[in-house]
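Here is the structure we will look at.
Hydrogens, waters and symmetry mates play no part in the numbers below; they use all other heavy atoms, side chains included. The model shown is predicted, which means the values in this text are computed figures rather than measured ones.
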Amino acid sequence: MRQWLRAQFRSVYERVLRYEITGAPSHVAVIQDGNRRYARNRGSDATDGHRAGAQTTERVLDWCSELGVDELTLYAFSTENFERPRVEREHLFDLLEEKLYEFADADRVHEDGVRVRAIGDTERLPDRVQEAVEYAEHRTGDYDAFTLNVALAYGGRTELLGATREVAAAVERGDLDPGDVTAATVEDRLYDGAVRDVDLIVRTGGDERTSNFLPWHANGNEAAAFFCTPYWPEFSKIDFLRAIRTYEAREASWRQTRAKRALALVRALGGEVKEARRVLDRLREHLPESIEDEGMDERPVD
Ligand code: FPP
Ligand code: MG
């Protein structure tokens with residue numbers, strides 16, 4: 001009875017969350033943490049935890065497609081993970097290899113136009129995983145409806161270091177003027193292919209850190225961050241919807257902050273700039289009444 005009630009409650013709560021959400025972030029990045037702890041709590045091996053985690057990964061792909069997310073990046077193997085015991089590492093490589101082939105051959109991947117690609121120092125991976133990466137990238141390379149980035153042998157610092165070295169080498173060769181170095185110059189030298197800016201970064205397993213994951217695309221874009229306690233295998237659709245709600249709330253608050261700042265600027269210039277009233281009226285549309293009331297009308301702008 002209690003279980004039935006709980007299931008009913010979850011179903012209603014999920015519908016409420018779904019109702020509250022009006023749009024989806026374009027790019028979601030996930031740190032799938034807590035797999036070994038999940039397994040340990042059940043008296044199982046680390047590898048069982050990672051296999052259970054892979055099932056969550058597949059569910060998340062469905063949720064992304066349902067909600068209209070365009071790109072998903074998964075932290076699947078970090079540069080730090082090379083330090084793990086050999087047996088665990090080999091099991092992880094087996095799992096990643098298996099999943100890459102599975103994704104590449106899955107009907108839904110082809111029906112939904114999912115492009116799979118790896119980001120990271122993939123040449124550090126065993127040959128068998130590199131071959132699986134090539135297979136998946138080759139089989140899905142023409143698709144663009146949805147992008148699934150699998151971060152493998154990935155480390156954010158290493159990525160930035162690589163780009164920095166390439167920029168320095170181009171300057172040294174005389175191919176690039178230091179004064180012409182822009183964000184795009186660096187971006188072009190990050191791991192293969194254009195990864196769009198991250199809008200939302202999710203981490204499961206209780207740690208509130210972003211652990212060297214996508215510093216350029218996530219930190220640089222001031223992505224919203226959602227940290228939650230469930231271990232990755234336990235991560236539910238309700239958790240995912242809450243993450244998206246966090247992103248939406250953050251977006252709304254950003255819009256307000258930007259409008260508020262612009263408003264202050266316009267008011268400061270108000271006496272001198274003719275356009276000010278028009279801009280002011282437009283900004284008002286983005287502000288709740290409470291902020292509008294903050295003395296806005298005390299000083300006319302024209
Ligand atoms: C971190 O949990 C997770 C990993 C090192 C690997 C995650 C990989 C998968 C779930 C496989 C599925 C992914 C794809 C792309 C098919 P942890 O090992 O650090 O666990 P802990 O925090 O409990 O120690
Ligand atoms: Mg961990």
E187 and W216: side chain donor to acceptor below 3.5 Å:
yes

Are R157 and T79 close enough, and set up right, to give a side-chain hydrogen bond (donor to acceptor under 3.5 Å, both in side chains), and what steps lead you there?
CA-CA 10 Å; R157 262 192 190 188; T79 43; over 6 Å; no

Angle between ring planes, Y231 versus Y38, binned at 30° and 60°: parallel, tilted or perpendicular?
perpendicular

Which atom of S26 lies closest to which atom of V69, heavy atoms considered
O-CG1, 3.5 Å

Any chance the rings of Y154 and F77 have centres within less than 6.0 Å?
no

A side-chain contact here means heavy atoms from C-beta on lying under 4.5 Å apart; do Y135 and D105 qualify?
yes

Can you see which heavy atom on V114 is nearest to which on T140, and at what distance?
O-CB, 3.2 Å

For the residue pair F240 and W63, does the interplanar ring angle fall in the parallel (under 30°), tilted (30 to 60°) or perpendicular (over 60°) class?
tilted

All heavy atoms of P215 vs all of G156, minimum pair found to be CD-CA, 3.4 Å

Search all heavy atoms of L95 against all heavy atoms of H50 and return the closest pair with its distance.
CD2-O, 3.5 Å

Minimum heavy-atom distance P233-G34, with the two atoms named:
CD-O, 4.4 Å

With no hydrogens and no angle check, do the side chains of S65 and D62 hold a donor and an acceptor under 3.5 Å apart?
no

Of L200, T73, T147, I201, the residue whose pairing with H27 passes side-chain contact (heavy atoms from CB on, under 4.5 Å):
T73

Side-chain H-bond candidate by donor/acceptor type, R117 with N149, under 3.5 Å:
yes

CA sep, side-chain torsions, deciding dist, call: R203, S211, side-chain hydrogen bond (donor to acceptor under 3.5 Å, both in side chains):
CA-CA 10 Å; R203 180 177 189 142; S211 298; 2.7 Å; yes

Looking only at non-hydrogen atoms, find the nearest pair between E248 and E20 and report the distance.
OE1-O, 3.8 Å

